[in-house]
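Single-structure report; data block below.
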Amino acid sequence: MADDTKLKIVVFGAFGAGKTTMIQTLDPGSKHIEANCAGGTTTVALDFGRIQNNGCNIHIYGTPGQERFEFAREIIARGMDGAVLLVDVTAPPDEFTSHLSDSLHAAQVPFVVFLNRCDGTGADPDAFVGRFGASETWSVSAKDRKQCMDAFLKFAGTLSPRPCGHTSP
Ligand SMILES: Nc1nc2c(ncn2[C@@H]2O[C@H](COP(=O)(O)OP(=O)(O)OP(=O)(O)O)[C@@H](O)[C@H]2O)c(=O)[nH]1
Ligand SMILES: [Mg+2]
């Protein structure tokens, strides 16, 4: 039977890392609450997309990357089954991404690292491999549907889905 289980996966990452772009790539019908900022847009509340895979309804929540939205990240994270930490590999390693990875370890939630913008000028994914202690690391471009979908579904397949009627804490 289709849609008989569900998963909540939350995407974290620093400002501009590509969270909204990846969720749009995974689900072209996804919703995004954004504001204009210098050179583009920034998430000011959340992203929400859905994928159905083998009878599992996967809910994907994107978080705001600006540090001042910590309260929003805490709310969105509640009841998550797994997380993706998205890292911009065209920029040097930053403290905020390390803070996000520390929070995921502290929450004892399974998470995977997506090294993003591998298509970008100056991309250096090797500088990040093994850095965050995640179960797995994938090199992707958030604009490449196949890369993102393959890695995302592989990660989702390692999680334990819940029955659809179950209410999370
Ligand atoms: N070339 C390339 N551009 C990307 C990639 N991922 C994101 N971008 C671009 O980077 C910019 C920021 O992407 P967003 O998806 O808005 O980043 P975000 O992590 O949601 O940002 P915040 O919500 O502000 O934290 C946009 O112009 C995207 O088109 C990628 O993999 N490759
Ligand atoms: Mg965003």
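From a predicted model like this one, the values you see are computed outputs, not experimental measurements. Remember, it's 1-based here, ligands and their atoms both numbered in the order they're listed. The figures here come from the full heavy-atom set of this structure, side chains too, leaving out hydrogens, waters and symmetry mates.
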Q.
Let me confirm one number: the CZ-NE2 distance from F48 to H59, rounded to the nearest 0.5 Å.
A. 4.5 Å

(Q) With rounding to the nearest 0.5 angstrom, report the CZ to CD distance, F69 to E74. (A) 14.0 Å

Q: Begin from the C-alpha positions of S30 and H32 and carry the test side-chain hydrogen bond (donor to acceptor under 3.5 Å, both in side chains) through to its verdict.
A: CA-CA 7 Å; S30 56; H32 309 273; 2.7 Å; yes

Q | Metal check, the Mg ion (ligand 2) vs T20 N/O/S, cut-off below 2.8 Å | A | yes

Q) From T41, does some N, O or S atom reach closer than 2.8 Å to the Mg ion (ligand 2)? A) no

Among all protein heavy atoms, pick the one closest to [atom] and tell me residue, atom and distance.
atom	answer
atom 24 (O) of ligand 1	T42 OG1, 2.6 Å
atom 25 (O) of ligand 1	K19 NZ, 2.8 Å
atom 2 (C) of ligand 1	D119 OD2, 3.6 Å

Using a strict 4.0 Å cut-off to heavy atoms of [X], name the atoms of ligand 1 that fall inside it.
X	result
K143	2 (C), 3 (N), 4 (C), 29 (O)
G65	25 (O)
S141	30 (C), 31 (O), 32 (N)
A142	6 (N), 30 (C), 31 (O)
F15	24 (O), 25 (O)
G18	6 (N), 7 (C), 13 (O), 14 (P), 15 (O), 17 (O), 18 (P), 19 (O)

Q.
I'd like to know if K146 pairs up with D150 as an ion pair, taking the criterion as any Lys NZ or Arg NE/NH1/NH2 lying under 4.0 Å from an Asp or Glu carboxylate oxygen.
A. yes

Q: May I ask you to say whether D81 pairs ionically with R162, meaning some side-chain N is under 4.0 Å from a carboxylate O?
A: yes

(Q) Can you tell me if G40 contacts ligand 1 (heavy atom of the residue under 4.0 Å from the ligand)? (A) no

Q: Determine whether L85 and V89 fall in the same hydrophobic cluster, where Ile, Leu, Val, Met, Phe, Trp and Tyr are linked whenever their side-chain heavy atoms lie under 4.5 Å apart.
A: yes

Q: State yes or no: do V84 and V140 share one hydrophobic cluster built from I, L, V, M, F, W and Y residues joined by side-chain heavy-atom distances below 4.5 Å, directly or via other members?
A: yes

Q.
Quick test of your reading of the structure: of M22, R117, H32, whose heavy atom lies closest to atom 11 (C) of ligand 1?
A. R117

Q. Considering N116, T20, T21, which one's heavy-atom position lies nearest to atom 26 (C) of ligand 1?
A. T21

Q: Report yes if some heavy atom in the side chain of T158 is under 4.5 Å from a heavy atom in the side chain of P110; otherwise report no.
A: no

Q. What part of D144, side chain from CB on, backbone N/CA/C/O, both or neither, has a heavy atom under 4.0 Å from ligand 1?
A. neither

Q) Below 3.5 angstrom, do we get any N/O pair linking G16 and ligand 1? A) yes

(Q) Does ligand 1 come near enough to G13 that some N or O of the ligand is less than 3.5 Å from an N or O of the residue? (A) no

(Q) Under 6.0 Å from the ring centre and within 45 degrees of the ring axis: does the NZ or CZ of K8 meet both conditions for the six-membered ring of Y61? (A) yes

Q | Trace of the side-chain hydrogen bond (donor to acceptor under 3.5 Å, both in side chains) decision for Q147 with S141 | A | CA-CA 7 Å; Q147 280 180 5; S141 161; 5.1 Å; no

Q. Given the side-chain rings of F132 and H105, with only the six-membered ring counted for Trp, is the space between their centroids under 6.0 Å?
A. no

